[in-house]
Asker: 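Have a look at this one.
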Amino acid sequence: MNSKQAGEVAVTQDKPSHTDSHPNQFALLGQRRFAPFFWTQFAGAGNDNLFKFAFTVMVTYQLSVSWLPPSLAGLVIGALFTLPYLLFSATSGQLTDKWDKTRMFRLVKNLEIGIMLIAGWGFVQSNVPVLLLCVFLMGLHSTLFGPVKFAYLPQVLNERELTGGNGMVEMGTFVAILLGQVAGGLLIAIPEVGHLQVAVACVGVAIIGRICAQFIPHAPATDPNLVINWNPFTETWRNLQLARQQPVVFRSLLGISWMWFFGAVFLSQFPSFAKDVLHGNEQVASLLLVVFSIGIGTGSLLCEMMSRRQVEIGLVPLGAIGMSVFAIDLYFASRGLPPSSSPMSAAEFLNVGANWRVLVDLLLLSLFAGLYSVPMYALIQMRSQPTHRARVIAANNILNALFMIVSAVLAGGLLAAGCTIPQVFLITGIANAIVALYVFLLVPEYLLRFVAWVITHFVYRFKVRGYENIPSQGAAVLVCNHVSFVDAILLMAASPRPIHFVMDHRIFQTPVLGWMFKLAKAIPIAPHKEDPATYEAAFARAGEVLREGDLLAIFPEGGITFDGQLQPFKGGIMKILERAKADGLDVPIIPMALTNLWGSYFSRVEVRGGKNVAMVKPLRRGLFNRVGLEVGEPVPAAEATPGLLQQRVADLLQRG
């Protein structure tokens with residue numbers, strides 16, 4: 001067995017099947033494969049921020065250190081914490097792929113206890129150099145934890161649980177950050193014993209995290225034969241090259257890194273924004289952080305519900321739109337706020353009606369950021385090769401760190417050039433729209449899935465039954481009845497994996513839809529008598545799709561029905577299967593049936609003159625029509641005939 005096969009076995013060994021479902025993502029907290037991991041990462045994120053925030057408050061308000069003035073304290077602490085991501089992410093990714101992930105969890109938590117014991121002594125002694133060293137070491141702790149955290153999830157969750165699991169992790173992380181900062185600020189401010197209390201809390205939380213890690217079930221190594229390259233620079237370059245082998249994955253890494261760039265602009269400016277623009281005190285700055293954290297957490301949790309519990313990257317454009325809209329509106333909301341003679345407390349701030357618009361903008365901006373990031377993380381986990389998934393995630397951490405550094409430099413440059421903080425927010429919102437448009441044109445799958453998501457949520461009430469019959473990996477041929485001009489979009493919405501469609505060449509001449517199908521790289525096919533070259537090219541391309549292990553969809557009727565009835569299946573499907581057999585492929589055929597779609601706006605209807613045309617008489621069935629997709633059990637290629645497949649689809653139509 002080679003390393004790739006070993007990795008695939010490891011990934012599927014303890015992963016539940018599609019049918020081992022749960023009512024919602026919160027049910028994962030009652031399962032051992034998820035709950036100990038969740039509380040381990042929750043404790044780690046909380047401890048990071050308890051320690052960092054308490055230290056920041058100490059050097060800002062309590063100590064007078066000539067070589068670390070308060071104005072630079074936050075910047076220095078942030079830079080020291082980020083530096084290990086650049087230096088050690090590559091090594092961390094290798095260790096995670098090579099070792100059992102449970103071993104990595106426990107190693108990292110043991111390291112955290114040691115660091116916090118040193119930090120506790122530093123707090124008691126008010127020793128700033130020792131605490132700065134611990135900031136760097138906690139950055140190393142987080143660098144080691146990042147790849148194992150995100151590589152563990154796809155090893156224990158199936159594709160239908162991945163979005164919900166990531167949403168829970170994202171929500172938990174931001175809640176832990178918030179609680180950690182609040183606890184750090186409160187404890188360090190206790191007269192006389194504050195430093196001791198912080199020391200005890202840091203060590204205590206680290207021990208709690210280690211106890212939780214003890215209950216994480218074993219997650220075998222995905223590439224145990226990997227030889228570690230200890231050179232961080234050459235390995236960083238190699239990790240980036242690994243990620244670039246899959247363009248969709250690599251561009252998703254860039255998309256996530258952009259989200260961190262975007263978020264860092266806002267988070268870094270909260271103290272100054274609260275003081276100089278909103279005329280508030282430290283309580284108002286904390287309130288902004290609370291609202292931002294609630295928004296991220298809410299958006300992350302909404303992803304599972306809005307995606308029908310699959311990896312739905314159609315939410316990413318929706319998230320990007322919301323991020324830009326509310327970032328831009330935040331600029332307008334923060335202009336001309338009434339002045340205050342003295343800094344307002346949180347209660348006084350909330351008593352001013354105009355300030356609520358600022359909070360709503362911030363809440364929705366962060367909510368849409370949650371919708372934007374969670375599907376991207378899930379996509380990377382699902383599409384990365386198991387044998388080097390952790391190294392791809394390590395490459396993501398490196399890019400995140402670089403983007404946050406650039407964010408700080410550019411934001412500082414804009415402020416130095418005379419821009420106000422609201423203007424920085426405005427520029428960031430506009431830049432987000434430009435970057436998002438560029439990414440979505442570069443990776444059309446995001447845009448297409450967004451269109452599919454909109455149609456299945458706002459045009460039709462779309463229900464899929466038998467989704468577990470769609471293979472999560474490997475080549476397969478999907479056969480479906482052809483009812484309307486949006487059949488391909490509905491199938492796309494039902495599958496977590498990309499589908500390559502073989503479609504009548506005439507549909508490419510349809511305005512808008514034709515452009516979309518070209519963007520989706522659909523395969524045009526024409527009758528052999530009409531265009532032999534297009535006919536042969538279609539079957540050649542279909543063979544390539546199956547050899548690459550992807551999903552191929554065909555509408556065997558050869559065209560959209562004129563009367564709503566299932567038409568005889570043509571022989572093209574057999575030619576595809578014969579070519580697959582010649583290539584040594586045993587490809588299953590998945591029968592599907594679209595139900596209750598006939599008579600809708602995108603299907604044909606008889607009009608005056610006896611012609612049957614589509615896309616006339618808008619709203620002829622009202623809004624939110626109920627339509628469905630029935631997915632049948634796979635048919636082995638050796639048993640498939642046009643007649644049998646037609647009967648299977650007909651049976652599914654009857655069932656629907």
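Quantities reported herein were computed from a predicted structural model and do not represent experimental measurements.
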Asker: Hey, mind stepping through T561 and N481 against side-chain contact (heavy atoms from CB on, under 4.5 Å) and telling me if it holds?
Answerer: CA-CA 9 Å; T561 178; N481 59 324; over 6 Å; no
Asker: Pick one: which of D223, T96, T91, N396 meets side chain to side chain donor-acceptor pair (under 3.5 Å) with R391?
Answerer: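 For R391, the side chain to side chain donor-acceptor pair (under 3.5 Å) check succeeds only for D223.
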Asker: Taking atom types as modelled, find out whether D651 and Q647 have a side-chain donor-acceptor pair closer than 3.5 angstrom.
Answerer: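 Present: a donor and an acceptor within the cut-off.
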Asker: Under a 3.5 Å distance rule, please check whether Y372 uses its side chain to pair with a backbone N or O of G255 as donor and acceptor.
Answerer: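 Yes, Y372 side chain to G255 backbone: donor-acceptor pair under 3.5 Å.
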Asker: Would you mind listing every salt bridge (Lys or Arg N to Asp or Glu O under 4.0 Å) that reaches into residues 443-455, with sequence neighbours excluded?
Answerer: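 For residues 443-455: E312-R449, R383-E445.
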Asker: For the side chain of R389 and the backbone of P154, is there at least one donor-acceptor N/O pair under 3.5 Å apart?
Answerer: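 No, the answer is negative, given that no donor and acceptor are paired below the 3.5 Å cut-off.
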Asker: Counting distance only, does the side-chain N/O of E630 pair as donor-acceptor with the main-chain N or O of L652 below 3.5 Å?
Answerer: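 Looks like no, no N/O pair under 3.5 Å.
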Asker: Does this structure show an ion pair linking K149 with E170, if we count only N-O contacts that are shorter than 4.0 Å?
Answerer: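 Answer for the salt bridge query: no.
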Asker: Count the heavy atoms belonging to other residues, nucleotides or ligands that lie under 6.0 Å from NZ of K98, then report whether that count exceeds 12.
Answerer: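 More than 12 within 6.0 Å, yes.
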Asker: Please test I321 against L318 for side-chain contact (heavy atoms from CB on, under 4.5 Å), starting from the C-alpha separation and ending with a verdict.
Answerer: CA-CA 5 Å; I321 291 169; L318 177 66; 5.5 Å; no
Asker: Please check this pair: side chain of D97 against backbone of Q94, looking for a donor-acceptor N/O pair closer than 3.5 Å.
Answerer: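 No; judged by distance alone, with no hydrogens or angles, the pair does not exist.
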Asker: Tell me, do R465 and R655 make a side-chain contact under 4.5 Å, heavy atoms counted?
Answerer: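 Of all side-chain heavy-atom pairs linking R655 with R465, at least one is under 4.5 Å.
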Asker: Treating T222 as the side-chain partner and P386 as the backbone partner, does any N or O pair qualify as donor plus acceptor under 3.5 Å?
Answerer: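 Judged by distance alone, yes, a pair lies under 3.5 Å.
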Asker: What's the shortest heavy-atom distance between G299 and L371, and which atoms?
Answerer: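 Smallest heavy-atom distance, with atoms named: O-CD2, 3.4 Å.
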Asker: Do H505 and D531 have side-chain heavy atoms sitting under 4.5 Å apart?
Answerer: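 Sidechains of D531 and H505: no contact.
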Asker: Would you call the rings of Y152 and F37 parallel, tilted or perpendicular if under 30° counts as parallel and over 60° as perpendicular?
Answerer: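 Tilted.
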Asker: Check this for me: does any side-chain nitrogen of one of E578 and K581 sit under 4.0 Å from a carboxylate oxygen of the other?
Answerer: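 Looking at E578 and K581, the cut-off is not met.
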Asker: With a 4.5 Å limit on heavy-atom distance, are the side chains of T163 and V374 in contact?
Answerer: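 Yes - at least one pair of side-chain heavy atoms lies under 4.5 Å apart.
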Asker: When you look at F539 and I525, which way does the side-chain contact (heavy atoms from CB on, under 4.5 Å) test go after all the steps?
Answerer: CA-CA 8 Å; F539 286 104; I525 190 169; 3.9 Å; yes
Asker: Measuring from I499:CD1 to L552:CG, what's the distance to the nearest 0.5 Å?
Answerer: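 Atom-to-atom, I499:CD1 and L552:CG are 9.5 Å apart.
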Asker: Once you round to the nearest 0.5 Å, how far does CD1 of I470 lie from CG of L478?
Answerer: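 It is 7.0 Å, given to the nearest 0.5 Å.
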Asker: Which value, rounded to the nearest 0.5 Å, describes the distance between F501 atom CZ and I554 atom CD1?
Answerer: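 That separation rounds to 12.0 Å.
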Asker: Supply the atom-to-atom distance I398 CD1 to L253 CG, rounded to the nearest 0.5 angstrom.
Answerer: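 With rounding to 0.5 Å, CD1 (I398) is 10.5 Å from CG (L253).
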Asker: Output the distance between atom CD1 (I216) and atom CZ (F34), rounded to the nearest 0.5 Å.
Answerer: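 I216 atom CD1 to F34 atom CZ measures 11.0 Å (nearest 0.5 Å).
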Asker: Which pair of heavy atoms, one from V249 and one from S384, lies closest together, and at what distance?
Answerer: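 Minimum heavy-atom contact is CG1-OG, 3.8 Å.
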Asker: Please verify the inter-ring angle class for F440 with Y446; under 30° counts as parallel, over 60° as perpendicular, anything in between as tilted.
Answerer: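 F440 vs Y446 ring planes: tilted.
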Asker: Would you say the side chains of T236 and N239 form a donor-acceptor pair under 3.5 Å?
Answerer: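 Not at all, the side chains of T236 and N239 share no donor-acceptor pair under 3.5 Å.
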Asker: What I'd like to find out is whether the side chain of I380 reaches to under 4.5 Å of the side chain of F150, using heavy atoms alone.
Answerer: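 Contact flag for I380/F150 side chains = no.
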Asker: Given side chains that start at C-beta, do those of F38 and L28 come closer than 4.5 Å, heavy atoms only?
Answerer: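 No, too far: nothing below the 4.5 Å cut-off.
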Asker: Taking P471's backbone N and O only, do any of them form a donor-acceptor pair with R497's side chain (distance below 3.5 Å, no angle check)?
Answerer: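 Yes: the side chain of R497 pairs with the backbone of P471.
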Asker: Where the side chain of E536 meets the backbone of A533, is there a donor-acceptor pair that is under 3.5 Å apart?
Answerer: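 Flag not set: sc E536 to bb A533 has no pair under 3.5 Å.
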Asker: Any idea how W453 and F458 line up, ring-wise: parallel (<30°), tilted (30 to 60°), or perpendicular (>60°)?
Answerer: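 Geometry flag for F458 against W453: perpendicular rings.
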Asker: I'd like to know if the side chain of D100 and the backbone of T102 have a donor-acceptor N/O pair within less than 3.5 Å.
Answerer: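 Looks like yes, one N/O pair under 3.5 Å.
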Asker: Might you confirm whether atom CD of Q241 has over 12 heavy atoms from other residues, nucleotides or ligands at distances under 6.0 Å?
Answerer: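 Atom CD in Q241 is crowded, with more than 12 foreign heavy atoms closer than 6.0 Å.
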Asker: Report yes if the side chains of Y535 and P527 come closer than 4.5 Å at any heavy-atom pair, otherwise no.
Answerer: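 No, every pair of side-chain atoms sits at 4.5 Å or beyond.
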Asker: Do you know which two heavy atoms are closest between V148 and F145, and how far apart they sit?
Answerer: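 The answer is CG1-O, 3.1 Å.
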Asker: Which heavy atom of A640 sits nearest to which heavy atom of M574, and what is that distance?
Answerer: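 A640 and M574 have their closest heavy atoms at O-CE, 3.3 Å.
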Asker: Is R244 atom CZ crowded by more than 12 heavy atoms from other residues, nucleotides or ligands, each under 6.0 Å away?
Answerer: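 Count not over threshold, so no.
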Asker: Would you say that P634 contacts N469 through its side chain, given a criterion of any heavy-atom pair below 4.5 Å between the two side chains?
Answerer: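 SC-SC contact between P634 and N469 confirmed.
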Asker: As a quick check of understanding, evaluate side-chain contact (heavy atoms from CB on, under 4.5 Å) for Y460 and L597, giving each step before the final call.
Answerer: CA-CA 9 Å; Y460 299 118; L597 192 56; 3.7 Å; yes
Asker: In Å, rounded to the nearest 0.5 Å, how long is the span from CD of Q567 to CD of Q646?
Answerer: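 Spacing of CD (Q567) from CD (Q646) equals 9.0 Å.
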Asker: Flag the pair R33 and E161 as a salt bridge only when some basic side-chain nitrogen lies within less than 4.0 angstrom of an acidic carboxylate oxygen.
Answerer: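 Between E161 and R33 there is a salt bridge, with a charged N closer than 4.0 Å to a carboxylate O.
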Asker: Surrounding NZ of K570 (heavy atoms of other residues, nucleotides or ligands, distance under 6.0 Å), is the total greater than 12?
Answerer: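 Check fails, neighbour count at 12 or below.
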Asker: Under a 4.5 Å cut-off applied to non-hydrogen side-chain atoms, are L546 and V477 in contact?
Answerer: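 Side-chain contact under 4.5 Å: yes.
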Asker: Which heavy-atom pair separates A151 from K101 by the least distance, and what is that distance?
Answerer: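 So the minimum-distance heavy-atom pair works out to CB-CE, 3.6 Å.
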Asker: Between A493 and F462, what is the shortest heavy-atom contact and its length?
Answerer: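 Here A493 and F462 meet closest at CB-CE2, 4.5 Å.
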Asker: Do R579 and E544 pass the salt bridge (Lys or Arg N to Asp or Glu O under 4.0 Å) test, and can you show the C-alpha distance, the side-chain angles, and the key distance before you say yes or no?
Answerer: CA-CA 10 Å; R579 291 201 176 195; E544 289 178 14; over 6 Å; no
